[in-house]
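Beneath this line is the structure, given in structure tokens, with notes to follow.
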Amino acid sequence: MTAPKAIDAPDTSPPILGPQYRTATLGILLVVTLIAFEGMSVGVVMPAVSADLDALNLYGISFSAFLIASLFANVVAGLWSDRRGYPLPFLVGVVLFVAGMALAGAADAKELFLVARAVQGLGAGSSIVALYVMIARVYPAVVRPKVFAALSAAWVVPSMVGPAVAGAVAKEWGWRFVFYGIIPLVVPALVMLVPALRMASPGEADESPRGPRSQPLAMTLAATSAAGGAGVLLWGVDELHKQPVIGAATTLGGLGFLVYGLHRLLPPGALRFGRGLPTTVLLRGFFSAAFFGVNSFIPLVLTSVKLFDARAAGIALTTGALGWSAGSFLQSRRTAEPHRRIRLGAVCVTAGIVIALFAALPAVSGWIAVPAWIAAGFGMGLGMTTVSVTALRQSPVSEQGANSAALSVTDMLGSALTVGLGGAVINFIGHGSGQIAAGFVVISVLMALIGLAATFLAARTR
């Protein structure tokens, strides 16, 4: 038995802001808005955090710690949601996210800040997977594209005001209050989601979870292997230029653990790019890897090379989110077959990355990052949102949690590996303004190649 096909169903369901779904929709959107605001804010203030805590050498790993922890939480929350329902993993995730924000604001050393980012990642990863399962269980299949479009739109407000607000707060009161300020906003989101949380019951799926990806111990070990392997791999890559032998051995060891974990976590055939669901899930990681591998370093290159202040540097991220929202709205109209929308999205992301590369060149204005990131954001909204909707359509009801977790695993892993790799590139080339510019060019070329690969793989999602 498979989930109903959203692309084939008539659009007869109530609107997502109608009486039946209004409160749940608003609560979900507020949670996503808070997570988005955190993501946008951290990107803008990380140069200040790095300077204050003497942590420029950990710039990339600060993002990767969040993402790797999210990867582990994705799997555990997906299992939990399939077997016991989504309310508890969602609530635990929110508590951890708030605790991580408080710990980050209080951090007085770079090591403690890394721990705080990991705690935030555990919370965000658990909450997002639970929300995906909530969408699959609460909304009919034909409505889900509109819900995912609304999720992308929820990034617009934090993307428009987040960088400016975060920059202003960091300038007036310090970067710590950027983290503290998000905590009180969690309460209204929880209040609005109470009705949706009560809709769930432990045995609400039509089928009992079964198969290799429904075994808690095996999947938890696989998640540990993948997350730990990713962390070890990134540490090894960063050590290659300092201790080549140790760095190479560590990199290979981490890669082995990572591949073993992914073999168990992803749908069968994913590592071979099998047609249908396996490649659909894997492409989520390709999109995230290409986009966020560049996105995380745009504020650094604009502030360090082009001497933008935090507010100005955040404008490029803002425009990217606007493009993302537009692309997501277009996919909700279903004007083309899913694989064609995914391919077009990958082309736009690749083109945006190539244009953004020029922002680091001496003779080119840093403002070229604005149109570049509109194009890249549009591609993410069109392609990545289509990937999410298509994966749920291709999933049996009893595997919605596992496949939601697999989507988030590839998402987080793609971002974590490329952001960590980018940080290693910067550390290898150097921290001077000219060296950061050169590093950004190298990063952009590598990410464009990943985007190009996604373009060719899109056909295998059918």
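Within a 6.0 Å sphere centred on NE2 of H241, heavy atoms belonging to other residues, nucleotides or ligands number more than 12.
At least one side-chain heavy atom of L262 sits less than 4.5 Å from a side-chain heavy atom of V409. Here the side chains of T455 and L344 are not in contact, with every heavy-atom distance at 4.5 Å or above. Looking at heavy atoms from C-beta onward, W175 lies in side-chain contact with L53 at the 4.5 angstrom threshold. With contacts defined as side-chain heavy-atom distances shorter than 4.5 Å, the pair F440/I298 qualifies. Taking the side chain as every heavy atom from C-beta outward, R272 and P278 never approach each other to under 4.5 Å. Side chains of F297 and I443 form a contact here, defined as non-hydrogen atoms less than 4.5 Å apart. Using a 4.5 Å heavy-atom threshold, the side chains of F97 and V119 count as separate. Side chains of M380 and F292 form a contact here, defined as non-hydrogen atoms less than 4.5 Å apart.
Here the shortest heavy-atom pairing between L114 and A65 reads O-CB, 4.0 Å. Shown here for V349 and A290, the closest heavy-atom pair between the two residues is CG1-CB, 4.2 Å. The two atoms that bring A375 and G352 nearest to each other are CB-CA, 4.3 Å, heavy atoms only. Among all heavy-atom pairs drawn from S388 and R284, the shortest one is OG-NH1, 2.7 Å. Closest approach of G345 and F287 over heavy atoms only: C-CE2, 3.7 Å. When every heavy atom of I183 is checked against every heavy atom of M101, the shortest pair comes out as CG1-CB, 4.0 Å.
Judged by distance alone, the side chain of S433 and the main-chain N or O of S304 form no donor-acceptor pair under 3.5 Å. Looking only at distances, no side-chain donor or acceptor of T385 sits under 3.5 Å from a matching main-chain atom of L382. Without hydrogens or angle criteria, R176 side chain to A102 main chain gives no donor-acceptor distance under 3.5 Å. Counting only distance, with no hydrogens or angles, the side chain of T410 and the backbone of L407 share a donor-acceptor pair below 3.5 Å. For the pair S225 (side chain) and L221 (backbone), a donor-acceptor distance under 3.5 Å is absent. Looking only at distances, no side-chain donor or acceptor of K242 sits under 3.5 Å from a matching main-chain atom of G247. Remark: the backbone N or O of A459 is paired with a side-chain donor or acceptor of R275 at under 3.5 angstrom.
For the 3.5 Å distance criterion, the side chains of E239 and T250 fail to qualify, holding no donor opposite an acceptor.
F291 and W373 have their aromatic ring centers within a separation under 6.0 angstrom.
Atom OG1 of T418 is separated from atom CG of L446 by 10.0 Å, given to the nearest 0.5 angstrom. Here D238 contributes atom CG and L233 contributes atom CG; the two are 11.5 Å apart, rounded to the nearest 0.5 Å. The CZ atom of F358 sits 10.0 Å away from atom OG of S444, with the distance rounded to the nearest 0.5 Å. For the atom pair L271 CG and T279 OG1, the distance stands at 10.5 Å (nearest 0.5 Å). Annotation: the span from F113 atom CZ to D52 atom CG amounts to 10.5 Å, rounded to 0.5 Å. Here L417 contributes atom CG and I450 contributes atom CD1; the two are 9.0 Å apart, rounded to the nearest 0.5 Å.
For the side chain to side chain donor-acceptor pair (under 3.5 Å) test, no residue two or more places apart in sequence or in another chain qualifies with S126.
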Verdict with reasoning, F177 to Y180, per ring-ring contact (aromatic ring centres under 6.0 Å, His included): CA-CA 5 Å; F177 286 90; Y180 290 145; 5.7 Å; yes
Between I436 and I429, is a side chain to side chain contact (heavy atoms under 4.5 Å, CB included) present by the stated rule, with each step listed? CA-CA 7 Å; I436 289 175; I429 295 177; over 6 Å; no
Could you please spell out the steps behind the side chain to side chain contact (heavy atoms under 4.5 Å, CB included) verdict for L277 and T390? CA-CA 8 Å; L277 178 65; T390 303; over 6 Å; no
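Of the listed residues (D411, V281, I342), just one forms a side-chain contact (heavy atoms from CB on, under 4.5 Å) with V387, and that residue is I342.
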